[in-house]
Number of protein chains: 2
Amino acid sequence: MRDFSRSLPMSLLRAREAVMRQFRPSLREHGLTEQQWRILRALAAIDAVEVTELARTAFLLGPSLSRILRDLEARNLIERKTAKADQRRSMVSISKEGVKLMASVAPNSEAIYAEITRRFGARKLAELQDMLGALEQSLAELGGAEEASAEE
Amino acid sequence: MRDFSRSLPMSLLRAREAVMRQFRPSLREHGLTEQQWRILRALAAIDAVEVTELARTAFLLGPSLSRILRDLEARNLIERKTAKADQRRSMVSISKEGVKLMASVAPNSEAIYAEITRRFGARKLAELQDMLGALEQSLAELGGAEEASAEE
DNA sequence: GGGAGATACTTAACATGTTAAGTGAATGCG
DNA sequence: CGCATTCACTTAACATGTTAAGTATCTCCC
């Protein structure tokens, strides 16, 4: 069997960990986890979104997002209100405090990203991102098994 | 601020998820999680290892590994015995049952990997792995923040 | 040879990943 | 209309990620 330390999943895992290791300490100083930060960033770009759409954007599963939103709301970093037209949906937006927190984290975060880009090389970085996107595309149609068999 | 859906961490996360989505169902049918599978694969290649070394190989943190080994041992998929020379160390090895389980999972797993390779292209795959390795290298010296400042 | 410090784990505590089940609201269709 | 189905989310349950603290053992140096 193939040496698993050279398998694609392991390569991706290690690479991502190497990157995140750079960011986590800074986020931690501000009391934010990686996922919480993703959510705030996603919210910063827009006025308000439904939870489902936010899950798609921040690439989180519903249950994770549900918990995190509960906590972020308790910390007054986000706001929620149910949609008028459809009582099932709730619209999420970033709060004034959330914006302020982002402003205090962003510079540091940007600096780290710049340093990563500098070390790895901007061109190579773009290339890598293209390949990652292509990989995603390659596997997109393949789907995730639910159509693998007729069971369950 | 940079569109975060195009940030490197997100690209890596999505790519990895696209890949793992292919494997999880097959593993699940055999009652294995991704991490448990990583451990079995790491163990299959050798006779016995210390827990710390296994953690490095399978790219798991100590506490995660500790829990998983406890469960795998309860399921008789691995065996443990404390090293003679150093009572602190425990040597882990795969059991006969573990080998059998691996044998029943591996073919399917290999087939999936082959399909991914076919879709994405063997050459591109190798290229991607090289870049991921290079990225890791770029960030290796940078370390993980503990040397960022003198605090704590 | 004995105690301070280092090592190899394990436990604990909290946050997220993952799947399944639950809840309340909207929709469609007979 | 009415009710089965779908939809948007939440809760639950279990496994892992992550950091800190705990435990037992070992090392080294006085």
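Residue numbers begin at 1 in each chain, while the letters A, B, ... track the order of the sequences.
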Can you tell me how far [atom2] of [N] sits from [atom1] of [X], to the nearest Å?
X: A/L65; N: D/dT10; atom1: CG; atom2: C1'; answer: 11 Å
X: B/R28; N: D/dT16; atom1: CZ; atom2: P; answer: 13 Å
X: B/R56; N: C/dC9; atom1: CZ; atom2: P; answer: 13 Å
X: B/Q36; N: D/dC14; atom1: CD; atom2: P; answer: 15 Å
X: B/L27; N: C/dT18; atom1: CG; atom2: P; answer: 13 Å
X: B/I39; N: D/dT16; atom1: CD1; atom2: P; answer: 8 Å
X: A/L32; N: C/dC14; atom1: CG; atom2: C1'; answer: 15 Å
X: A/R24; N: D/dA20; atom1: CZ; atom2: P; answer: 13 Å

Taking 4.0 Å as the cut-off, does a side-chain nitrogen or oxygen of [X] come that near to OP1 or OP2 on [N]?
X: B/R89; N: C/dT10; answer: no
X: A/R67; N: D/dT11; answer: no
X: A/Q35; N: C/dG17; answer: yes
X: B/T52; N: C/dA8; answer: no
X: A/Q87; N: D/dC9; answer: no
X: B/S66; N: C/dT10; answer: yes

For the residue pair [X] and [Y], establish whether any side-chain heavy-atom pair is separated by less than 4.5 Å.
X: B/L132; Y: A/R14; value: no
X: B/L128; Y: B/F120; value: yes
X: B/M10; Y: B/S5; value: no

message: Check this for me: A/K124, atom NZ, are more than 12 non-hydrogen atoms of other residues, nucleotides or ligands nearer than 6.0 Å?
response: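 It does: A/K124 NZ has more than 12 such atoms within range.
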query: Taking atom CG of B/L125 and atom CD of B/Q129, what is their separation to the nearest 0.5 Å?
result: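 The distance works out to 5.0 Å.
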Thinking salt bridges, do [X] and [Y] make one under a 4.0 Å N-O criterion?
X: A/E17; Y: A/R24; value: yes
X: A/E127; Y: A/R123; value: no
X: B/E97; Y: B/K100; value: no

task: Go through residues 68-84 of chain B and report each residue with a non-hydrogen atom lying under 4.0 Å from DNA chain C, sorted by number.
output: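 DNA chain C contact set from residues 68-84 of chain B: B/R80.
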query: Which part of the nucleic acid, if any, lies within reach of B/T33 when heavy atoms closer than 4.0 Å are counted: base, sugar-phosphate only, or nothing?
result: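 Sugar-phosphate, backbone atoms only, no base.
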- prompt: Between A/E50 and A/E17, who's closer to the 5' end of DNA chain D by nearest nucleotide?
  reply: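 It is A/E50 whose nearest nucleotide is closer to the 5' end.
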- prompt: Given that A/A85 and A/R38 both sit by DNA chain C, which one's nearest nucleotide is further toward the 5' end?
  reply: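 It is A/R38, whose closest nucleotide lies nearer the 5' terminus.
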Trace of the side chain to side chain contact (heavy atoms under 4.5 Å, CB included) decision for B/I46 with B/T57: CA-CA 11 Å; B/I46 53 189; B/T57 311; over 6 Å; no
message: Nearest to the B/P63 side chain among D/dC9, C/dG17, D/dA20, which nucleotide is it?
response: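 The answer is D/dA20.
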task: Answer with yes or no whether A/R88 presents, from its side chain, a donor or acceptor under 3.5 Å of a partner atom in the base of D/dC7.
output: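 In this structure, the two groups form a donor-acceptor pair.
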- request: Note down the inter-axis angle between the two ends of the helix from C/dG1-D/dC30 to C/dG30-D/dC1, five pairs each, to the nearest 10°.
  value: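 The helix from C/dG1-D/dC30 to C/dG30-D/dC1 shows an end-to-end axis angle of 10°.
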query: What is the minimum heavy-atom distance between A/M131 and B/M131, and which atoms define it?
result: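 Closest approach of A/M131 to B/M131, heavy atoms only: SD-SD, 3.9 Å.
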